[in-house]
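Step one of this worksheet: look at the structure below.
Along the sequence shown, residues are numbered consecutively beginning with 1.
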Amino acid sequence: SRLVELPYSTFDDDDDDAAEQDPDRPKLSLFSTCVRYLAFLWNLLFLLLGLLTLAVGVWGLLAKSPLPGEERGVPLGSDPMLLFVLAGLGASAVSLAGCLGSFRASPCLLRFFLGAVLAFGGLEVLGGLLLLLARRQLRDVLQDLLLLCLLRYQEDPDLQFLVDEVQRSLQCCGLESYRDWESNPYFNCSAPGVQACGVPASCCQDP
């Protein structure tokens, strides 16, 4: 009978030792639970928005991909859709870390999420300080960039859409006047097409 009772007594001792070595985890309060699930839902919303932004960027790049044997009209580095892809990837990665960290209470993921949020906040503060300190230089750079947008107006459909929306919303035409469109080879008076000496249809229209 002793040989029969020996395994049962051994298992009982092991269970008691395991219970003593693993203390009970403290229960979260109602407020902590609400904050945890609220953080999970908030990050889930930003995760979906990030994935949507990423999908729009990838769709835009694939829609403008050239056919075999043709050259790409706009360089990939200057394509506005690339900004959507990078923003979607960054937002999705950070939001996914926040979702998993809040749902599983993972300290590693929560540290990564907090560090990424602080890094983005620091970059925004640094960008604001640079805008204040270098306003004149940035104004010249922005003006040159906008003139480049007018120059490439017919080459990129996404850029054309953005320029048209800005002109409709601001009810303007060009940067300073309609003469800025003379830098575009299609609207220049020396152009052979029907658009010579003209401006886009979005100039000075009501939104």
| query | Looking at residues at least two apart in the chain, or sitting in another chain, which of them share a ring-ring contact (aromatic ring centres under 6.0 Å, His included) with F112? | reply | none
| said: Is the shortest side-chain heavy-atom distance between L38 and W42 below 4.5 Å? | reply: no
| said: I'd like to know if the side chain of D164 and the backbone of S202 have a donor-acceptor N/O pair within less than 3.5 Å. | reply: no
| Q160: what forms a side chain to side chain donor-acceptor pair (under 3.5 Å) with it, not counting sequence neighbours? | none
| With sequence neighbours left out, what residues match F40 under ring-ring contact (aromatic ring centres under 6.0 Å, His included)? | F103
| message | To check you understand the geometry: which heavy-atom pair defines the closest contact between Q167 and C203, and what is its length? | response | NE2-SG, 3.6 Å
| Going by the angle between their ring planes, with limits at 30° and 60°, are F187 and W181 parallel, tilted or perpendicular? | perpendicular
| task | Output every pair passing salt bridge (Lys or Arg N to Asp or Glu O under 4.0 Å) with a member in residues 117-137, not counting sequence neighbours, ordered by first then second residue. | result | none
| request: Name all residues meeting the disulfide bond (SG atoms under 2.5 Å apart) criterion together with C149; count only those two or more places apart in sequence or in a different chain, and write none if there are none. | output: none
| field | Counterpart residues, side chain to side chain contact (heavy atoms under 4.5 Å, CB included), relative to L151 (two or more places apart) | value | L148, P185
| said: Taking less than 2.5 Å as the test, are the sulfur gamma atoms of C197 and C189 close enough? | reply: yes
Distance-only criterion, 3.5 Å: show the donor-acceptor pairs between side-chain atoms of residues 89-96 and protein atoms not counting sequence neighbours.
| residue | atom | partner | partner atom | Å |
| --- | --- | --- | --- | --- |
| S92 | OG | L51 | N | 3.3 |
| S92 | OG | G88 | O | 2.6 |
| S95 | OG | A91 | O | 2.7 |

| said: How close do N184 and L150 get, counting heavy atoms only, and between which atoms? | reply: ND2-O, 2.7 Å
| query | Looking at residues at least two apart in the chain, or sitting in another chain, which of them share a ring-ring contact (aromatic ring centres under 6.0 Å, His included) with Y178? | reply | none
| said: Would you say that L159 contacts R152 through its side chain, given a criterion of any heavy-atom pair below 4.5 Å between the two side chains? | reply: yes
| message | Restricting to non-hydrogen atoms, name the atom on L109 and the atom on L100 that form the minimum distance, rounded to 0.1 Å. | response | CD1-CB, 3.5 Å
| field | Contacts of type disulfide bond (SG atoms under 2.5 Å apart), residue C34, not counting sequence neighbours | value | none
| request: Could I get the full list of disulfide bond (SG atoms under 2.5 Å apart) partners for C108, not counting sequence neighbours? | output: none
| request: Go through the structure and list residues passing side chain to side chain contact (heavy atoms under 4.5 Å, CB included) with L110, not counting sequence neighbours. | output: none
| Contacts of A39 that satisfy side chain to side chain contact (heavy atoms under 4.5 Å, CB included) - sequence neighbours left out | N43, S102
| request: Answer yes or no: is there a donor N or O on one side and an acceptor on the other, between the side chain of N188 and the main chain of S183, under 3.5 Å? | output: no
